[in-house]
Each structure stands twice: as C-alpha cells, then as structure tokens.
Number of protein chains: 2
Amino acid sequence: MPVQSPTVGRRRPKDRKDRIAQVAAELFCERGYHGVSLEEIAAVVGISAPAVYRHYENKYAILVAATRELVAATLNATDVVGFDAMLDAFAAVAVTHRKTVGLYQWEWRYLTEEHRREFGDDLGRLLHRVAEPLAAARPALSPADAEALARAALSVFGSLGTHRAVIAKGRAEQVLRRAAAAVLATEPPTPAAVPAAVTPPPVRVGGRREILLAESIRLFRRRGYHAVNIEDIGRAAGINASSVYRYFPGKGDILAAAFYRASERVTEATAVALNGAADGADALHRMAESYVELTFERSDLVSVYLAENNNLPEADRHELRKVQRLHVEEWVRLVVAVRPGLAASEARVLTHAALNLVADLGRWVRFDRRTAMDRHLVRLIEVVLWS
Amino acid sequence: MPVQSPTVGRRRPKDRKDRIAQVAAELFCERGYHGVSLEEIAAVVGISAPAVYRHYENKYAILVAATRELVAATLNATDVVGFDAMLDAFAAVAVTHRKTVGLYQWEWRYLTEEHRREFGDDLGRLLHRVAEPLAAARPALSPADAEALARAALSVFGSLGTHRAVIAKGRAEQVLRRAAAAVLATEPPTPAAVPAAVTPPPVRVGGRREILLAESIRLFRRRGYHAVNIEDIGRAAGINASSVYRYFPGKGDILAAAFYRASERVTEATAVALNGAADGADALHRMAESYVELTFERSDLVSVYLAENNNLPEADRHELRKVQRLHVEEWVRLVVAVRPGLAASEARVLTHAALNLVADLGRWVRFDRRTAMDRHLVRLIEVVLWS
DNA sequence: TGAATAAGTTAACCATGATTCGCGGCCAGG
DNA sequence: CCTGGCCGCGAATCATGGTTAACTTATTCA
C-alpha cells in the first residue's frame with residue numbers, strides 16, 4: 001500500500017505536504033471541496049488547521065496540488081509502450097486511485113480559469129494518449145471520432161470513482177479494461193443529416209416555487225451546491241433571499257426536492273421502458289434509450305442527481321440513495337439475466353460505467369450534434385453492458 | 001450633542017450606518033485601525049459583528065467611510081465666507097471632532113493608493129481654502145510658502161486629536177484659533193543658499209539586536225506597528241522570523257525598546273538645551289532648536305514615538321507615557337514661566353500643537369530643503385508657544 | 001393586512017500572526 | 001577530541017479576526 005504512510009509514532013515526517021494533498025483529495029471526492037473544512041483535513045493528517053498553511057498557501061492551493069498530483073500520477077503510470085499495456089495501466093490507475101479519481105469528475109469546477117485550462121490541457125494529453133494509437137489502429141476513424149471514443153473510454157475508467165460498489169481490485173481492473181476496449185471498438189457516432197428539431201430551451205414557468213426549483217437546479221449544476229447561496233437562488237428567481245424561505249424550509253430541502261423530482265423521472269422512465277419489453281435484451285435497449293433521452297431532456301437535473309449526492313440533508317439521504325441504488329439494481333438485474341455468467345458485482349461496475357459515460361459525453365457534446373450522439377450513447381451503453 | 005444618537009431604547013434605528021462609522025472612527029483614533037476588531041465596533045454599536053456587513057462591505061470600507069465623513073464634515077463646516085470666520089470654523093471642527101480628528105494624522109496610512117489619492121485631494125482642497133485667502137492677504141508670499149503656512153495652521157488644529165489634555169471646549173477653540181493665526185502671520189521659510197551637507201543615511205551597524213531595532217523602527221514608521229509582522233522584521237534584518245525571539249522576548253518589546261530609546265534621546269536633548277540657558281525665553285528657543293534637530297536626525301524614531309503610543313505593552317505603557325508627559329510638562333513649565341497670564345491647560349494645548357507641527361511639517365518637507373525648514377520650524381514653535 | 005424586504009443572529013470557516021519547540025551546525029574552551 | 005552554548009531555522013500551536021452563509025425577526029409597502 002504505497003498510498004498510506006506510517007505517520008504514527010514519528011514526529012514531523014517528511015511527507016507532510018504530500019500527505020495533506022492525499023488526505024484532502026480523498027475527502028474532497030467524498031464530500032466535495034466546500035464540504036470539507038481545513039480543520040478536518042488537518043485532523044486526519046494529525047496536525048492543527050493553521051499548521052497546514054506551513055505547507056500550502058491556502059485551501060485552494062491544496063485542491064490544485066491534489067489535482068496536479070492525480071494528473072501527474074495518471075500521466076506517469078500510463079506512459080508505457082503498447083496500446084494494450086496502456087489500457088491496463090489506465091485500469092490499474094483507476095483502481096489504485098479509486099478514492100481520488102473523483103477529482104476528474106466534479107471537483108475541477110472549483111478551479112480557477114487558469115488552472116482549469118491547465119487541467120484541461122493535461123486531460124487532453126491523456127485523451128491523445130488513447131486517441132492517437134486508436135486512430136492508427138482504426139484508420140477509418142476521423143480524428144474527432146477517435147477522440148470521442150477515447151473520451152468514452154476514459155469515462156469508463158473514471159466511473160469507478162463515482163460509486164462504492166464492492167468489488168475485488170483485480171476483478172474491477174479486468175472489467176473496466178474489457179469495457180473500455182469494447183467502447184474503443186465501437187463504431188463512431190454517425191452525424192445526423194438533419195439537425196433535428198430539438199426542443200428549444202424549455203421556458204416552463206410554473207409558480208414561484210417551481211421557478212425557484214428550476215433555477216436552483218441550473219445553478220447547482222453550473223457551480224455546485226456549496227458554491228451557490230440562497231442569495232444567488234433568490235436573485236435568479238427574481239426575489240429577495242429571505243423570501244426563498246416562503247417556499248422552501250431550507251437550502252437542503254431545495255436540493256432534496258430536486259432529487260425527488262429526478263428520482264421520479266428516472267423511475268418513471270424505467271417503468272415505461274420495461275413495460276413493453278419483449279425480452280431481456282430488448283428491455284436493456286429500451287432502458288438505454290429512455291435513459292439517454294432523459295439525460296438530454298433534463299440534463300441539469302440529471303447532472304445534479306449524479307453529482308450532489310453528498311450535500312443531501314441527512315433525513316432524505318437514505319431514502320434517496322435507496323432509490324438510486326434500486327435504479328442501478330434494476331439495470332444489474334437485467335444485465336445478469338441476459339449474461340448469466342456475469343457476477344452481480346461486475347454487472348454493477350459496468351452499469352455505473354455505462355451511466356457515467358452517458359453523463360460525461362452528454363455534458364461534452366454540442367447541442368447541434370445531439371441526435372447523432374443520442375443513438376451513439378445508446379449503443380455505447382449496450383457495448384459496455386455486454387462487454 | 002448632535003454626534004451621539006440615542007440608540008438605547010429604540011430598536012433598529014435609521015442611522016446605523018453612520019453610527020458604525022462614527023464609533024469606528026473614534027476607536028480607530030484611539031487604538032489604530034488594526035488595533036480595533038470589528039466585533040468591538042459592533043459591540044459598541046449594539047449589534048453583532050456580522051451584522052456590520054449589512055452596512056459595509058468589509059472593515060476597510062468602514063475606514064474609508066469614516067475618513068470621508070470626517071473630511072466631508074470639515075469641508076462642509078468650513079465652507080463659510082470670510083477668512084476669520086473660516087478659521088473659527090476650523091477651530092470649532094477640531095474641537096467638536098476631537099475624538100476622530102486623529103484620522104487625519106495617522107490612519108490614512110492604511111488606505112489604498114486610490115483612496116489615499118482621494119483623501120489627499122480633499123486635504124489639498126482644505127489646504128487651499130486657507131492658502132488662497134492667505135496669499136491674497138499677504139501678496140509677498142509665494143504660492144508654495146502660503147501653502148506651507150496653511151499646512152502648519154491645519155497641523156495646529158489637528159493637534160487636538162493627538163492628546164487628551166483636559167481643557168474646556170471654548171478655551172481650546174480660542175487657543176487653537178490664536179495659534180493658527182499666529183502661524184499664518186509668520187514669515188515663510190527662507191530657502192538656504194547651500195543645500196547643506198546633510199548627513200548621509202546613517203549605516204550604523206551594531207549587533208544583530210541593534211539592526212533589528214533599527215529596521216523595526218523604520219518599518220513601524222512606514223507601515224505602522226500592526227501592519228508589520230515578525231517575518232517582515234526578520235527579513236529586514238536578514239534572519240528568520242523565529243530567530244527574532246533570540247533578541248527580543250516579543251514584538252511588543254521591540255516597540256517598547258524603541259520608545260525607551262526615543263525617550264532617552266528626548267530627555268537628553270531637553271537636558272542639554274536647558275543646561276546653558278540664560279533665561280526662560282532662551283531656554284524655550286534652545287528646546288525648540290534641539291527638538292527640531294532631533295526630529296530631523298532621527299525622524300523614524302520620533303515618528304514612531306508619536307504615532308504608536310497605543311500598541312505599547314501594558315507593562316511599559318504607563319512608565320513611557322509618564323516620560324512623555326514629563327517632557328510635555330517641561331515645555332509647559334517653561335511656557336507658563338515666560339507667560340504668567342497663561343493657564344497651564346492652554347500652555348499644554350499649545351505645546352502639543354507646536355510638537356505636532358514639527359512632526360507634520362518634518363514629515364512633509366523634502367530632504368533638500370531641510371536646513372531652511374529647520375530654522376522655520378524653530379520659529380513656528382516659538383510663534384505657537386507665544387501666541 | 002399580508003407578502004416582500006431589510007437588518008439581525010448564530011455558527012462555522014479560512015486565514016493571519018505571534019510565539020514555541022526541537023534540531024542541527026558552528027565554534028570556543030576544557 | 002568532544003562538548004555545551006549560541007544561533008538559526010523549519011514546523012508546529014494558540015488565539016484571534018475577518019468574512020461568509022444559512023436562517024430569523026422586525027419593518028415596510030402595496
């Protein structure tokens with residue numbers, strides 16, 4: 001276990017700085033940048049909060065360092081010869097850094113424009129590491145397509161950080177490896193001839209409460225729950241901050257309302273999809289279709305649903321997590337039914353990979369290419385689940 | 001008493017914002033910007049510290065507002081017709097705003113470059129209000145000379161904020177009024193033909209401790225005691241912050257050491273001056289000469305001595321204040337001896353005015369005009385004390 | 001009169017600054 | 001030779017302060 005270092009018993013170890021970043025990275029992934037206090041980080045490390053300032057200029061600097069460290073570790077570990085070896089390395093990194101890989105997923109939102117650019121560049125480098133040999137191996141792929149597939153593959157690897165489903169490390173490595181390979185073997189998205197009549201930005205105006213909820217969801221998605229305050233929400237809805245409390249008992253309840261809304265939509269979509277399914281494979285296909293559609297139709301809502309699981313008020317957390325888990329288990333049930341040889345734990349990892357992939361690529365794709373991506377994502381889901 | 005407002009008994013009065021600035025101004029003058037916490041200001045006002053943020057963006061904004069308010073009040077009160085009436089108005093402002101007039105003296109150091117410029121402009125406006133009619137009344141004066149005399153007059157008015165000598169308001173007003181008038185009637189500084197061989201910056205290098213003390217004094221003078229931290233001091237002396245404690249038990253003790261040093265110099269100069277004096281008037285003259293010389297020779301030291309009286313550790317404060325008071329009393333003794341009709345309280349106010357004048361103009365004058373100002377200041381001291 | 005706003009409060013949290021502690025290097029004296 | 005104190009430093013702590021955010025209460029206004 002190279003990650004943990006024996007700080008107990010020794011006074012003032014030399015790796016304090018790295019250790020702080022390590023601890024912070026894990027905590028940030030667990031509860032989000034704003035959900036972790038400096039004092040907590042320090043406590044885990046075994047020092048007082050102000051002592052952290054001997055090593056980092058401020059809290060933000062820790063986030064930057066942690067992000068850099070993860071990126072460097074990934075870049076370093078995957079700097080190997082051979083395409084297969086590289087994919088192995090990616091899988092291995094995902095597994096060993098499972099607790100911190102979430103930084104790739106959400107926490108970059110809190111980076112400065114400057115650091116976001118830096119991070120984006122490094123991410124692009126990782127992407128090219130996959131896309132380039134892929135393009136070489138499949139000359140039919142356009143560079144953009146190769147990159148899109150590479151992005152999907154990285155999303156598969158990154159998915160391990162988004163959940164805590166129990167699985168042996170070796171197994172996880174193999175499963176992710178296979179899924180990523182399958183993704184990379186998929187046909188690229190075929191651009192739709194017609195730009196398709198996408199539903200214009202829904203200007204749904206309900207009551208004040210509904211407006212508040214909608215605006216909150218949009219803000220939560222863009223900046224993250226903790227970075228949005230009641231004043232922002234009020235302003236977005238055109239009222240004073242204190243008036244928000246006329247409609248919601250507290251900030252947490254707004255998030256909870258969003259989650260209930262999201263879980264309703266998801267279960268509804270699931271039910272509709274399963275209703276007229278001919279067999280297991282058909283059910284999976286319809287599930288994929290409806291899930292992708294939901295993701296595009298209500299992208300803000302789904303993003304928040306996936307990102308802000310922590311931050312939920314304790315009271316609602318359990319129930320909502322249960323619903324989320326049930327949704328995943330619905331997929332798992334279908335997958336194991338269709339692939340009898342597959343262990344449930346593996347199916348679970350694959351499901352998370354598939355769902356994560358939809359979220360990541362859905363966020364990435366430009367709106368005018370939506371319908372093309374739509375069909376592509378359905379295919380990718382199936383490819384992952386059957387891998 | 002228009003300044004105080006009856007906040008007691010009423011809930012949520014309308015003048016909260018002004019009241020905060022008012023309270024803050026007084027506290028800032030009493031103990032310095034950094035010596036006053038927001039919580040303290042809030043407590044005096046009768047609210048909690050965070051509530052202050054409903055009225056001001058941050059602590060600094062209060063300083064700016066307080067400064068602006070004082071300047072505006074002064075500009076407003078002295079916007080009258082007639083030179084004599086205007087001087088009366090200045091005296092009245094000094095008396096009524098005695099507790100906050102110290103903002104003019106020291107606290108502008110903590111202003112941003114931008115606000116310092118704004119403050120400087122307003123100060124210049126006040127200056128012109130005196131200088132212009134003065135130049136009209138005394139055509140022999142060059143514009144620069146008129147401005148210098150006006151500055152001296154304002155310094156006289158401002159001196160009331162630098163001490164707490166007890167005196168009836170009406171008396172103080174008269175005394176200041178007369179002193180300022182006397183200053184304005186003085187001959188301007190005659191520029192010395194020879195730039196005079198000023199002593200080059202004294203590169204006195206003693207032990208580490210001596211270097212530390214010297215650098216601390218220089219820093220304290222430039223930025224103020226609270227704005228200088230141990231690290232700055234250490235860096236200026238070329239050692240690590242923690243090493244400072246090898247030479248001084250604490251930060252306060254450095255300031256105390258500076259004060260002991262200053263009081264030694266002052267009493268020494270006083271003793272030398274009084275030693276060979278022929279009579280009272282001669283003694284006063286020699287006192288003035290030696291004090292002015294000291295101010296120029298050790299300008300940093302004297303500035304700190306005058307500015308950082310608060311901030312002294314409780315232990316040394318009393319003794320050092322006593323020495324300072326004794327020094328003033330030495331002047332007062334001489335003045336009343338020479339002018340039997342003058343009350344001691346008035347002599348005290350005049351002495352403070354004279355000393356403050358030296359500090360202000362000494363700080364203002366460019367180095368190349370030093371010798372001219374030298375003689376001029378001696379004359380001004382005498383003019384004030386004899387007014 | 002009731003909804004909306006202004007102005008408060010409490011409880012964090014990040015950050016700073018003064019101060020302490022222990023270690024290591026250097027140098028004089030036994 | 002080695003040894004003890006002086007020095008210097010890095011790393012820690014404690015106390016405190018400014019600031020923010022969620023939530024509440026008083027006041028205003030249509």
Residues touching DNA chain C, which here means a heavy atom under 4.0 Å, drawn from residues 32-42 of chain B:
none

Output a table of donor-acceptor pairs, distance under 3.5 Å, between side-chain atoms of residues 48-58 of chain A and any protein atom two or more places apart or on a different chain; print 'none' if there are none.
residue : atom : partner : partner atom : Å
A:Tyr56 : OH   : A:Lys17 : O            : 2.8
A:Asn58 : OD1  : A:Tyr60 : N            : 3.3
A:Asn58 : OD1  : A:Ala61 : N            : 2.9

Would you say A:Arg16 places a side-chain N or O within less than 4.0 Å of OP1 or OP2 belonging to D:dA12?
yes

Sorted by number, residues from residues 58-67 of chain A placing a heavy atom under 4.0 Å from DNA chain D are none

Ring centres under 6.0 angstrom apart (B:Tyr110, B:His34)
yes

Please give, in whole Å, the distance from C:dA12 C1' to A:Asn229 CG?
15 Å

Suppose we screen for side-chain contact (heavy atoms from CB on, under 4.5 Å). Which residues come up paired with B:Arg31, at least two apart in sequence or across chains?
B:Leu27, B:Val36, B:Glu40

Partners passing salt bridge (Lys or Arg N to Asp or Glu O under 4.0 Å) against A:Glu264 (at least two apart in sequence or in another chain):
none

First of A:His55 and A:Glu231 reached from the 5' end of DNA chain D, by closest nucleotide
A:His55

What residues, two or more places apart in sequence or in another chain, satisfy ring pair (Phe, Tyr, Trp, His ring centres under 6.0 Å) together with B:Phe28?
B:Tyr33

Please answer whether the main-chain N or O of B:Ala256 pairs with a side-chain N or O of B:Asp253 as donor and acceptor at a distance below 3.5 Å.
no

Could you state the atom-to-atom distance from CD1 of B:Ile254 to P of C:dG17 in whole Å?
15 Å

So do B:His97 and B:Glu26 actually touch side chain to side chain, heavy atoms under 4.5 Å?
no

Any side-chain hydrogen bond (donor to acceptor under 3.5 Å, both in side chains) involving residues 307-319 of chain A? Give me the pairs, sequence neighbours left out, ordered by first then second residue.
A:His226-A:Asn311, A:Tyr260-A:Asp316, A:Asn309-A:Gln324, A:Glu314-A:Arg317

Quiz: residues 65-73 of chain B side-chain donor-acceptor pairs under 3.5 angstrom, not counting sequence neighbours:
residue : atom : partner  : partner atom : Å
B:Thr67 : OG1  : B:Leu63  : O            : 2.7
B:Arg68 : NE   : B:Glu118 : OE2          : 2.6
B:Arg68 : NH2  : B:Glu118 : OE1          : 2.9

Atom-pair distance (NE2 on B:His226; P on D:dG18), nearest Å:
11 Å

Counting only heavy atoms and a strict 4.0 angstrom limit, can you tell me which residues of residues 236-249 of chain A come near DNA chain D?
A:Ser242, A:Tyr245

Taken in chain and number order and not counting sequence neighbours, the residues that satisfy side-chain contact (heavy atoms from CB on, under 4.5 Å) with B:Arg208 are B:Ile239, B:Tyr247

What is the distance, to the nearest angstrom, from the CD1 atom on A:Ile230 to the P atom on D:dT24?
11 Å

Within residues 47-54 of chain A, those residues having any heavy atom closer than 4.0 Å to DNA chain C are A:Pro50, A:Tyr53, A:Arg54

In whole angstroms, how far is the P atom of D:dA22 from the CG atom of A:Asn311?
12 Å

If you define the side chain from C-beta out and look only at heavy atoms, does anything of B:Cys29 sit under 4.5 Å from B:Leu103?
yes

Excluding sequence neighbours, so at least two apart, what forms salt bridge (Lys or Arg N to Asp or Glu O under 4.0 Å) with A:Arg117?
none

Please check if the side chain of B:Asp232 supplies one atom and the backbone of B:Asn229 the other of a donor-acceptor pair under 3.5 Å.
yes

Specify the separation, in whole Å, of atom NZ of A:Lys17 and atom P of D:dA11.
10 Å

Could B:Lys251 and B:Tyr245 be counted as a cation-pi pair, given that NZ or CZ must be under 6.0 Å from the ring centre and within 45° of the axis?
no

To the nearest Å, give me how far apart CZ (B:Arg208) and C1' (D:dC9) are.
13 Å

Separation of B:Tyr225 atom OH from C:dA18 atom P, in whole Å?
7 Å

